[in-house]
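Along the sequence shown, residues are numbered consecutively beginning with 1.
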Amino acid sequence: MLVPLSSQVQRRLQNQHLQTEGFPGTSVPGPGRGDRRPGQPSRATPHDIATMQLCANKLDKKDFFGKSDPFLVFYRSNEDGTFTICHKTEVVKNTLNPVWQPFSIPVRVLCNGDYDRTVKIDVYDWDRDGSHDFIGEFTTSYRELSKAQNQFTVYEVLNPRKKCKKKKYVNSGTVTLLSFSVDSEFTFVDYIKGGTQLNFTVAIDFTASNGNPLQPTSLHYMSPYQLSAYAMALKAVGEIIQDYDSDKLFPAYGFGAKLPPEGRISHQFPLNNNDEDPNCVGIEGVLESYFQSLRTVQLYGPTYFAPVINLVARAAAKISDGSQYYVLLIITDGVISDMTQTKEAIVSASSLPMSIIIVGVGPAMFEAMEELDGDDVRVSSRGRYAERDIVQVDLTRERKSWSQKFVPFRDYVDRSGNQVLSMARLAKDVLAEIPEQLLSYMRTRDIQPRPPPPANPRPTPAPEHP
């Protein structure tokens with residue numbers, strides 16, 4: 001049964017230009033489209049998506065104790081001669097002959113709809129400290145890439161600096177385009193119009209490192225004058241995403257606390273103290289239950305993510321027809337204590353209709369969270385790799401645009417103390433990747449959006465009796 005969209009969502013969708021990047025309601029614009037003009041066959045349709053696979057052969061050796069850990073970075077050329085990153089492959093460890101996994105990218109992201117626009121591809125050797133070694137580069141275009149639909153295309157990887165220094169320099173290896181295909185892409189809005197519901201679940205850190213909630217120094221301090229960082233993050237994300245959930249009932253949990261009366265430590269206790277029905281009515285209901293829990297439980301520890309990830313994953317596993325998509329928001333103040341179990345939970349969840357958002361609050365150093373980032377190295381557990389990249393790190397030193405999201409809240413606190421601006425900035429970045437996450441799941445399962453439900457027809461007036 002399709003549930004009618006709320007009036008807020010209907011108004012947003014009416015104002016949308018069917019963009020796929022950017023979450024409607026966060027003022028996150030999508031990229032411009034290439035317009036198909038009569039007599040111009042070199043323009044792509046707005047919803048085309050390209051899928052390709054590449055491999056390399058005899059790349060330069062960069063690691064002293066090994067070979068290389070190669071990955072590719074794709075750049076789209078701009079009208080002013082600059083380049084914009086539009087895709088980065090996974091890292092293939094310890095090889096000079098890598099084969100990268102197939103990936104999909106919207107055509108307009110790759111070339112802005114212009115088949116002859118230059119696409120530059122850099123080859124790097126990955127280093128853990130982020131100082132990746134440049135191996136070489138080559139250029140192509142969408143038109144040239146598309147030739148791989150009928151034949152392999154081989155590119156020489158050239159390092160300009162080596163080429164200038166060495167007279168006998170030939171190349172730094174080759175990259176082969178193994179396959180290339182183009183399909184029409186549905187948008188996030190198509191699925192929402194077709195009745196796909198976003199199910200929003202909240203998990204809040206109740207460990208002792210947050211400080212005594214009765215003290216102003218605590219990250220959970222309930223000031224009569226302003227919201228805490230936890231409450232601000234919850235309100236910022238929840239008030240946007242609740243418009244995409246028709247019943248406005250949100251499961252909300254805490255983790256890392258001792259529960260009364262026996263002092264049992266729990267890592268997935270319902271904030272409303274109702275094990276049978278953990279749903280809270282609206283975001284205000286979640287906040288009310290959160291404040292009530294602060295008054296009744298004892299902050300303790302350790303910080304475990306896996307239990308609540310697995311809890312939401314069990315719900316997501318029950319529905320695989322595209323009618324439901326689950327979003328878990330975890331708000332925490334520090335480094336997790338169950339990294340191995342969390343990785344295993346993420347690998348399992350990557351095959352489900354589910355995304356995870358992690359917001360870090362407080363002054364702690366969150367670099368350890370980068371282990372959950374499937375951007376550079378795909379998250380793995382016991383030899384299994386995540387089917388989709390649902391982990392993203394978004395630190396101040398480097399803005400990234402990949403999948404599941406980790407966000408230090410302090411990066412979004414407005415210097416003037418304006419909470420409204422802080423919340424808007426957080427919601428924009430936190431939710432920007434959800435549409436692409438939903439689309440990636442639908443693509444891997446070949447799920448098409450349902451037709452929008454018909455508008456309620458006006459009642460036919462009864463015929464007048466003479």
Margin query: Evaluate F250 against V202 for side chain to side chain contact (heavy atoms under 4.5 Å, CB included), listing each step before the verdict.
Written below: CA-CA 8 Å; F250 305 121; V202 179; 5.5 Å; no

Inter-residue atom distance [X].[atom1] - [Y].[atom2], 0.5 Å rounding:
X    : Y    : atom1 : atom2 : value
H267 : D338 : NE2   : CG    : 8.0 Å
L299 : N210 : CG    : CG    : 6.0 Å
Y115 : S141 : OH    : OG    : 11.5 Å
L198 : Q324 : CG    : CD    : 9.0 Å
Q53  : T89  : CD    : OG1   : 11.5 Å
Q341 : K343 : CD    : NZ    : 11.0 Å

[X] versus [Y]: any side-chain heavy-atom pair under 4.5 Å?
X    : Y    : answer
I357 : I434 : yes
Q268 : Y304 : no
L110 : H87  : no
I336 : M339 : yes
Y441 : R388 : yes
F186 : M442 : no
S323 : R450 : yes
S355 : E436 : no

Does any N or O in the side chain of [X] come within less than 3.5 Å of the main-chain N or O of [Y], such that one atom is a donor and the other an acceptor?
X    : Y    : answer
R76  : V109 : yes
S380 : G383 : no
R108 : G113 : no
E90  : Q101 : yes
T196 : G322 : yes
T207 : T303 : no
D80  : T82  : yes
S77  : T118 : yes

Least distance between heavy atoms, [X] atom then [Y] atom:
X    : Y    : value
N310 : A345 : OD1-CB, 3.3 Å
S228 : Y290 : OG-OH, 3.7 Å
I447 : D321 : CG2-O, 3.6 Å
V107 : A50  : CG2-N, 4.1 Å
I283 : K235 : CG2-CA, 4.2 Å
I105 : F103 : CG2-CE1, 4.1 Å

Note to self: Whether E284 and K248 form a salt bridge (side-chain N of Lys/Arg under 4.0 Å from carboxylate O of Asp/Glu) is what I want to check.
What the structure shows: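 Looking at E284 together with K248, the answer is no, because their closest N to O distance does not fall below 4.0 Å.
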
Next item on the list: Answer yes or no: is there an ion pair linking R128 with D69, defined by an N-O contact shorter than 4.0 Å?
Entry: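 So R128 does not pair with D69 through a salt bridge.
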
Can you tell me if [atom1] on [X] sees more than 12 non-hydrogen neighbours from other groups inside 6.0 Å?
X    : atom1 : value
Y300 : OH    : no
E387 : CD    : yes
E276 : CD    : no
N273 : CG    : no

Note to self: Checking F305 now: which residues fulfil ring-ring contact (aromatic ring centres under 6.0 Å, His included) with it, not counting sequence neighbours?
What the structure shows: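 F305: ring-ring contact (aromatic ring centres under 6.0 Å, His included) contacts with F255.
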
Under 3.5 Å, is there a donor on one side chain and an acceptor on the other for [X] and [Y]?
X    : Y    : value
R384 : S348 : yes
T84  : N78  : yes
S289 : N272 : no

Note to self: Under the criterion side chain to side chain contact (heavy atoms under 4.5 Å, CB included), I'd like the reasoning laid out for L311 against L328: C-alpha separation, chi angles, the key distance, then a yes or no.
What the structure shows: CA-CA 10 Å; L311 180 70; L328 170 61; over 6 Å; no

Margin query: Under the criterion side chain to side chain contact (heavy atoms under 4.5 Å, CB included), I'd like the reasoning laid out for D245 against N199: C-alpha separation, chi angles, the key distance, then a yes or no.
Written below: CA-CA 6 Å; D245 190 319; N199 293 308; 3.8 Å; yes

Margin query: Quick check: F188 with Y325 (ring centres under 6.0 Å apart)?
Written below: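 Judged by ring-centre distance (under 6.0 Å), Y325 and F188 do not meet the cut-off.
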
Notebook entry, point to check: Do the two ring centres, one from Y230 and one from F291, sit under 6.0 Å apart?
Noted result: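 Ring centres of F291 and Y230 not closer than 6.0 Å.
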
Next item on the list: Would you check, one step at a time, whether the test ring-ring contact (aromatic ring centres under 6.0 Å, His included) holds for Y253 with F206?
Entry: CA-CA 10 Å; Y253 299 91; F206 279 76; over 10 Å; no

Notebook entry, point to check: Should E137 and Y75 be marked as a side chain to side chain contact (heavy atoms under 4.5 Å, CB included) after you check the CA-CA gap, both sets of side-chain angles, and the distance that decides it?
Noted result: CA-CA 11 Å; E137 64 184 12; Y75 301 84; over 6 Å; no

